[in-house]
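Report on the following structure.
Any value given below was found using the heavy atoms of this structure, including those in side chains, with hydrogens, waters and symmetry copies removed. Along the sequence shown, the residues carry numbers beginning at 1.
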Amino acid sequence: MRLLTHNMLSCNIKGVTNGFPLRIEAEKFMEKEVDFNIDFLKSIFSKIEWTALVEAAQSLGYNELPEEVVDSSSMLESSDFLKKFHHALLELHLEEGALICPETGRRFPVSKGIPNMLLHEDEV
């Protein structure tokens with residue numbers, strides 16, 4: 001599961017008001033090379049919840065992203081920043097582990113890169 005996917009997921013248990021971002025508990029992750037596409041990175045940047053991406057990348061041991069967005073236009077003109085953003089967003093893959101709801105602590109397993117977000121009957 002790419003961190004791009006992680007940035008879009010939240011806990012949908014009935015009654016949960018703070019289900020984002022899901023905390024990552026990684027048992028295994030991989031780096032998979034992906035073609036570099038500047039136009040995609042620039043268009044997706046505004047849709048990314050930055051703090052969640054930084055925390056997710058750090059949970060996989062990647063500490064190259066800035067903690068906060070200070071000047072997005074200058075950041076998006078920096079090839080160094082774009083390469084780091086690309087790597088975190090698209091090339092880091094959670095293979096095995098869990099996503100954990102920040103409110104309830106409910107664990108959603110990730111197996112072979114696929115998160116199982118199915119809810120139990122009493123959670124719907």
Query - Phe45 vs Val69 side-chain heavy atoms within contact, under 4.5 Å - result: yes
**Report entry** Salt bridge flag under 4.0 Å for residues Arg107 and Glu25
**Finding:** yes
Can you give me every donor-acceptor pair (side chain of residues 91-104, partner residue at least two apart or in another chain, under 3.5 Å) with its distance?
unit_1, atom_1, unit_2, atom_2, d
Glu91, OE1, His87, ND1, 2.8
Glu91, OE2, Val34, N, 3.0
Glu91, OE2, His86, NE2, 3.1
His93, NE2, Leu90, O, 3.3
Glu95, OE2, Lys32, NZ, 3.3
Glu96, OE2, Lys112, N, 2.9
Glu103, OE1, Thr17, N, 3.0
Glu103, OE1, Thr17, OG1, 3.4
Glu103, OE1, Asn18, N, 2.7
Thr104, OG1, Arg106, N, 3.1

Query raised in the report: Looking only at heavy atoms, which two atoms of Leu9 and Pro115 are closest? And how far apart?
Result: CD1-CG, 4.1 Å
**Report entry** Transitive ILVMFWY side-chain link Met30 to Val110, under 4.5 Å
**Finding:** no
Report summary line: All heavy atoms of Phe36 vs all of Leu82, minimum pair found to be CE1-O, 3.7 Å
Report summary line: Distance col, row Cys11:SG vs Leu22:CG, nearest 0.5 angstrom, shows 6.5 Å
Query - CD1 on Ile24 to CG on Leu3, rounded to 0.5 Å - result: 5.5 Å
Query - Lys14/Glu123 under side chain to side chain contact (heavy atoms under 4.5 Å, CB included): CA gap, chis, key distance, verdict - result: CA-CA 6 Å; Lys14 183 172 72 175; Glu123 297 173 326; over 6 Å; no
Query raised in the report: Under 4.5 Å between side-chain heavy atoms, hopping through other hydrophobics if needed: is there a path connecting Leu119 to Ile114?
Result: no
Query - Connected via hydrophobic side-chain network under 4.5 Å: Ile13 and Val124 - result: yes
Query raised in the report: Are more than 12 heavy atoms from other residues, nucleotides or ligands located less than 6.0 Å from atom CG of Asp35?
Result: no
Query raised in the report: At their closest point, which heavy atom of Glu49 faces which heavy atom of Phe20, and how far apart are they?
Result: CG-CE2, 3.5 Å
Report task. Compare all side-chain heavy atoms of Ile48 with those of Leu4 and state whether any distance is below 4.5 angstrom. Result -> yes
Query raised in the report: Hey, does the side chain of Lys84 reach the backbone of Asp80 with a donor-acceptor pair shorter than 3.5 angstrom?
Result: no
For residues 55-65, run the donor-acceptor check on the side chains, cut-off 3.5 Å, and write out each pair with its distance to 0.1 Å, sequence neighbours left out.
unit_1, atom_1, unit_2, atom_2, d
Gln58, NE2, Glu67, OE2, 2.9
Ser59, OG, Ala56, O, 2.6

Requested in this report: Determine whether the side chains of Asn7 and Thr5 contain a donor N or O and an acceptor N or O closer than 3.5 Å.
Outcome: no
Report summary line: Sorted by chain and residue number, the salt bridge (charged side-chain N to carboxylate O under 4.0 Å, His left out) partners of Glu77 (sequence neighbours excluded) come out as Lys42
Query raised in the report: Out of curiosity, Phe40 CZ to Leu89 CG, how far, rounded to the nearest 0.5 Å?
Result: 6.0 Å
Requested in this report: May I ask you to decide if the ring planes of Phe85 and Trp50 are parallel, tilted or perpendicular, using 30° and 60° as cut-offs?
Outcome: tilted
